[in-house]
Amino acid sequence: MGNLQSLDNRSAGISKVELERMERRLKRLGRGEKELARSDFQMIPELAGNPFLPRIFEMYDQDGDGYMNAADLRALLDSLTRLANEEARFQFAFRIYDADDDGFVTRSDILRQLQQTNRRGLSPPQLEQIAGSTVTAFDADGDGLLSYPEFRALLSASSTERNKALNF
């Protein structure tokens, strides 16, 4: 789950000027179209390496058609401007992991993100172990789900504490 740190660090430094530049670049990538495809976003060097890009795109593509219109793009850019605030970053990360938007991060939600961001080449059983251990370690009320406060505690835990809890 260390990939969240890269999300936090990169996003927190995005200024309004940089966002406006990104918006102009996205409009140029659309080649005059009113909508942008995910592939258009992947052509931007600052976004191309982000392992969370597919989920972020999914979060803001309101009609789910695989394209972002102007309103979708504005909502995304508005969200990015708020990421300088720590609480906003935690909420944004929670939304990324809560893939079914049910208000909880489940073992399956974590596993899905681990599979999409697995840059270490971990095996499926290893990823399942990490997802299960994560929920077990941070599920304070024992319901098998991570509520927002529990997920926030996970993100707030230092790397050492997180690795110890996950048996690394």
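For the numbers below, each heavy atom of this structure counts, side chains included, while hydrogens, waters and symmetry mates do not.
Minimum heavy-atom separation, Thr134 to Ile110: CG2-CD1, 3.8 Å. Considering every non-hydrogen atom in both Phe92 and Ser79, the closest pair reads CE1-CB, 4.4 Å. Across every non-hydrogen atom of Phe151 and Ala93, the tightest pair is CE2-C, 3.8 Å. Scanning both residues, Arg55 and Ile96, for their nearest heavy atoms gives NE-O, 2.9 Å. Phe104 approaches Asp109 most closely through the heavy-atom pair O-OD2, 3.1 Å. Looking at every heavy atom in both residues, Arg82 comes nearest to Ala88 through O-CB, 3.1 Å.
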- Task: Run the numbers on Glu128 and Arg107 for side chain to side chain contact (heavy atoms under 4.5 Å, CB included), then give the verdict.
- Result: CA-CA 8 Å; Glu128 289 178 25; Arg107 183 190 150 292; 3.7 Å; yes
- Hey, mind stepping through Leu145 and Val105 against side chain to side chain contact (heavy atoms under 4.5 Å, CB included) and telling me if it holds? CA-CA 6 Å; Leu145 307 167; Val105 173; over 6 Å; no
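Here the CG-CD1 distance, from Leu111 to Ile130, works out to 9.5 Å after rounding to the nearest 0.5 Å. If you take OG on Ser39 and CZ on Phe57, they are separated by 8.0 Å, rounding to the nearest 0.5 Å. Put simply, CG on Asp100 and CZ on Arg112 are 9.0 Å apart, with the number rounded to the nearest 0.5 Å.
You'll find the side chain of Tyr148 reaches within 4.5 Å of the side chain of Gln91, heavy atoms only. Within the 4.5 Å cutoff, the side chain of Asp141 has heavy atoms near those of the Glu150 side chain. Arg152 has its side chain out of reach of Phe94: every pair of non-hydrogen atoms, C-beta onward, lies at least 4.5 Å apart. Inter-residue side-chain proximity for Arg119 and Pro51 is flagged as met; some heavy-atom pair is nearer than 4.5 Å.
A donor-acceptor pair under 3.5 Å is formed between the side chain of Thr81 and the backbone N or O of Asp78. In this structure a side-chain-to-backbone donor-acceptor pair under 3.5 Å is present from Asp61 to Gly66. With hydrogens and angles disregarded, no donor-acceptor distance shorter than 3.5 Å links the side chain of Gln115 to the backbone of Leu127. Checking side-chain atoms of Glu86 against main-chain N and O of Leu83 turns up no donor-acceptor pair under 3.5 Å. Of the possible donor and acceptor atoms, none in the side chain of Gln113 sits under 3.5 Å from a partner among the backbone N and O of Tyr97. A donor-acceptor pair is defined here as one N or O able to donate and one able to accept, closer than 3.5 Å; no such pair exists between the side chain of Asp98 and the backbone of Arg95. Checked by atom type and distance alone, the side chain of Gln126 pairs as donor or acceptor with a backbone atom of Ser123 at under 3.5 Å. Counting only distance, with no hydrogens or angles, the side chain of Asp72 and the backbone of Leu76 share no donor-acceptor pair below 3.5 Å.
Criterion: ILVMFWY side-chain heavy atoms under 4.5 Å apart, direct or through other members. Under it, Ile56 and Tyr67 are not part of a common hydrophobic cluster.
Judged purely by distance below 3.5 Å, without hydrogens or angles, the side chains of Gln129 and Ser133 pair a donor atom with an acceptor atom.
A salt bridge is absent between Glu58 and Arg38; no separation between the charged side-chain nitrogens and carboxylate oxygens falls under 4.0 Å.
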